[in-house]
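Read through the structure below, which is laid out as structure tokens, and then see the notes.
Since this is a predicted model, take the numbers as computed values, not measurements. Atom set for the values below is all heavy atoms of this structure, side chains included, hydrogens, waters and symmetry mates excluded. Heads up: numbering here begins at 1 and tracks the sequence.
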Amino acid sequence: MAADVLLLGLALDLAGRTWLIVPLGLVAVLAIAGYRVRPELALAALLLVLFLVPEALLIALRGASAPVQDSVLLTDAAAGRLLHGGDPYGHDYIDDSALRRFWAPEIPVNPLLAHYPYPPGLILLAAPLRALGLGSAWLWLPALIALALAAYGAAGRAGVMAVALNPLLLIDYLALLNDVFFLAAGLGAVALLRRRRALAAGALLGLALVLKQTAVVLLPALAWLSWREGRWRQLLGAAAAVVVLLLGPFLLMSPGALLADTGSYFYGSGVDAFPIRGAGLPGLLVTAGFLPSRWAAFPAALIQVPVLVLVLLGGWLWLRRRFSWPRLWLWSAVVAAVVFLFGRTLAPNYLTLIVLLVCLAAASAVEDADPAVAAVGGSVDRPPREAGVEGAAG
């Protein structure tokens with residue numbers, strides 16, 4: 001929590017709101033001191049003063065030309081285009097004045113302007129706000145609440161501290177990176193599966209996949225849990241139904257544009273594709289001179305897929321031999337590492353996701369080691385049953 005307070009002070013100082021750290025930091029210290037007396041209330045207070053209140057103030061007090069994360073501006077522009085009857089995919093957003101002002105030193109010509117690279121979930125969430133004249137940045141406030149509740153259901157109080165109060169997430173959250181949305185839906189699906197509600201979990205899994213492609217790293221864990229319960233058909237069927245319902249209309253408008261923006265943009269090459277970034281394998285190859293530039297072609301899928309198959313099979317057998325929640329989360333962290341380390345981009349928020357999954361493994365070990373504490377958090381349940389066991393799905 002001390003790291004959260006320090007990072008919050010830095011963020012507020014950079015935003016020119018340094019004075020806010022005094023009252024917010026004082027309440028945070030009081031909440032930490034009262035954790036042993038009223039732990040749930042203390043966690044809620046910390047979320048309020050370290051995340052929700054600062055974010056709300058930074059959004060409300062932000063100037064008209066203040067720098068904002070480009071994906072937020074892009075989502076606003078895409079939602080506005082949808083409200084006017086246009087297809088948000090296959091469009092060059094250079095016609096949006098806010099996006100024209102955005103500039104990143106590492107990418108002087110931002111290829112993101114010519115694409116909407118995410119599935120339509122965020123557009124659908126942002127459209128009502130856009131219709132009211134508000135920006136999609138306000139979505140981050142309810143999204144954090146949803147994430148905290150999902151982490152609580154998935155791994156109890158320790159899960160809230162490992163994910164929703166993680167200092168790394170604070171950085172991403174105040175920067176308005178959109179991973180918080182699919183994480184909330186994905187962890188919510190895990191929480192529901194722990195309570196034998198496969199249909200509802202599948203619906204949240206489908207929502208996570210429509211919010212951001214990165215949600216696929218949670219799919220193996222959810223598939224394994226539902227298979228162990230003998231309810232994988234319910235989970236995957238509900239997920240597929242939600243994906244078809246929300247993605248289908250955009251696919252019908254222009255399948256080529258949708259697939260190009262959300263798929264080939266990340267795996268293609270040239271100045272219209274996403275450049276190689278970070279210290280993953282392709283980034284190291286660029287640094288070593290084996291690839292001529294960050295826009296060069298790199299066969300990411302040819303490496304990712306075989307390695308991922310081995311990790312999935314090995315993890316499946318590992319969990320089948322002896323299941324535990326820490327093992328499940330560690331397996332998910334390895335899956336995420338394979339996807340990101342061998343992909344074209346190893347962005348900081350991808351590293352954050354890997355760390356969060358490792359922290360969830362540690363949190364689950366803490367919760368499961370103390371049944372009394374875990375029962376309060378509602379995250380201890382009967383061990384999953386073997387596949388094939390009959391039971392009604394929720």
Side-chain angles (χ1 to χ4, degrees), residues 71-72 74-91 93 112 115-132 134-147 149-150 176-193 197-223 226 232-266 353 393-394:
S71 63
V72 180
L74 191 60
T75 296
D76 285 336
R81 182 168 171 78
L82 179 65
L83 289 172
H84 286 88
D87 185 354
Y89 295 99
H91 178 68
Y93 288 93
L112 191 69
H115 308 271
Y116 186 78
Y118 309 110
L122 283 174
I123 300 176
L124 296 173
L125 289 177
L129 290 178
R130 182 74 174 186
L132 295 173
L134 299 173
S136 61
W138 291 105
L139 291 171
W140 267 252
L141 304 181
L144 178 69
I145 297 173
L147 177 62
L149 292 173
L176 296 176
L177 297 180
N178 56 23
D179 292 343
V180 63
F181 295 94
F182 87 82
L183 266 178
L187 294 182
V190 174
L192 288 170
L193 272 181
R197 299 178 62 185
L199 286 176
L204 279 184
L205 170 59
L207 178 61
L209 293 169
V210 176
L211 286 168
K212 193 170 184 179
Q213 304 94 315
T214 315
V216 297
V217 301
L218 300 176
L219 182 56
L222 286 162
S226 62
W232 61 271
R233 292 181 182 86
Q234 292 95 320
L235 178 94
L236 297 182
V242 170
V243 170
V244 170
L245 178 66
L246 298 180
L247 192 68
F250 296 90
L251 193 61
L252 290 175
M253 272 195 280
S254 179
L258 174 64
L259 295 175
D261 278 6
T262 60
S264 60
Y265 172 66
F266 292 103
L353 178 58

Is there a side-chain contact between Phe250 and Thr262 in this structure, where contact means two heavy atoms from C-beta onward sitting under 4.5 Å apart? no
Strictly distance-based, threshold 3.5 Å: is any side-chain N or O of Gln213 a donor or acceptor partner for the main-chain N or O of Pro117? yes
When you look at Leu236 and Leu222, which way does the side chain to side chain contact (heavy atoms under 4.5 Å, CB included) test go after all the steps? CA-CA 9 Å; Leu236 297 182; Leu222 286 162; over 6 Å; no
Sidechain-backbone polar pair: Trp138 side chain, Ala126 backbone, donor-acceptor under 3.5 Å: no
Does the pair Leu211 and Leu125 meet the rule for a side chain to side chain contact (heavy atoms under 4.5 Å, CB included), with working shown? CA-CA 9 Å; Leu211 286 168; Leu125 289 177; 3.8 Å; yes
Enter the distance from His115:NE2 to Ser264:OG here, rounded to the nearest 0.5 Å. 7.5 Å
Distance (rounded to the nearest 0.5 Å) between Leu74 CG and Ser136 OG: 9.5 Å
Minimum side-chain heavy-atom gap Leu353-Leu183 below 4.5 Å: yes
Side chains of Leu245 and Val210: does their closest heavy-atom pair fall under 4.5 Å? no
Side chain to side chain, Leu247 and Leu258, heavy atoms closer than 4.5 Å: yes
Using the six-membered ring wherever Trp is involved, compare the ring planes of Tyr116 and Tyr89 and label them parallel, tilted or perpendicular (cut-offs 30° and 60°). perpendicular
Can you see which heavy atom on Leu193 is nearest to which on Ala201, and at what distance? CG-CB, 3.7 Å
In Å and rounded to the nearest 0.5 Å, what is the CG to NZ distance from Leu177 to Lys212? 7.0 Å
Can you tell me how far the OH atom of Tyr93 sits from the CG atom of Asp76, to the nearest 0.5 Å? 11.0 Å
Please report the closest heavy-atom contact between Arg130 and Gly80, naming both atoms and the distance. NE-CA, 3.7 Å
Ala238 and Leu199: which non-hydrogen atoms are nearest, and at how many Å? CB-O, 3.4 Å
Which atoms form the tightest heavy-atom contact between Phe266 and Asp261, and what is the distance? CE1-O, 4.3 Å
Heavy atoms of Ala208 and Gly186 approach each other most closely as CB-N, 3.9 Å
Nearest non-hydrogen partners of Arg81 and Asp87, listed with the distance: NE-O, 2.6 Å
Taking the side chain as everything from C-beta on, heavy atoms only, tell me whether Leu218 gets closer than 4.5 Å to Leu205. no
Using 0.5 Å steps for rounding, measure from the OG1 atom of Thr75 to the CG atom of Asn178. 6.5 Å
Rounded to the nearest 0.5 Å, what separates atom OH in Tyr118 from atom OG1 in Thr214? 8.0 Å
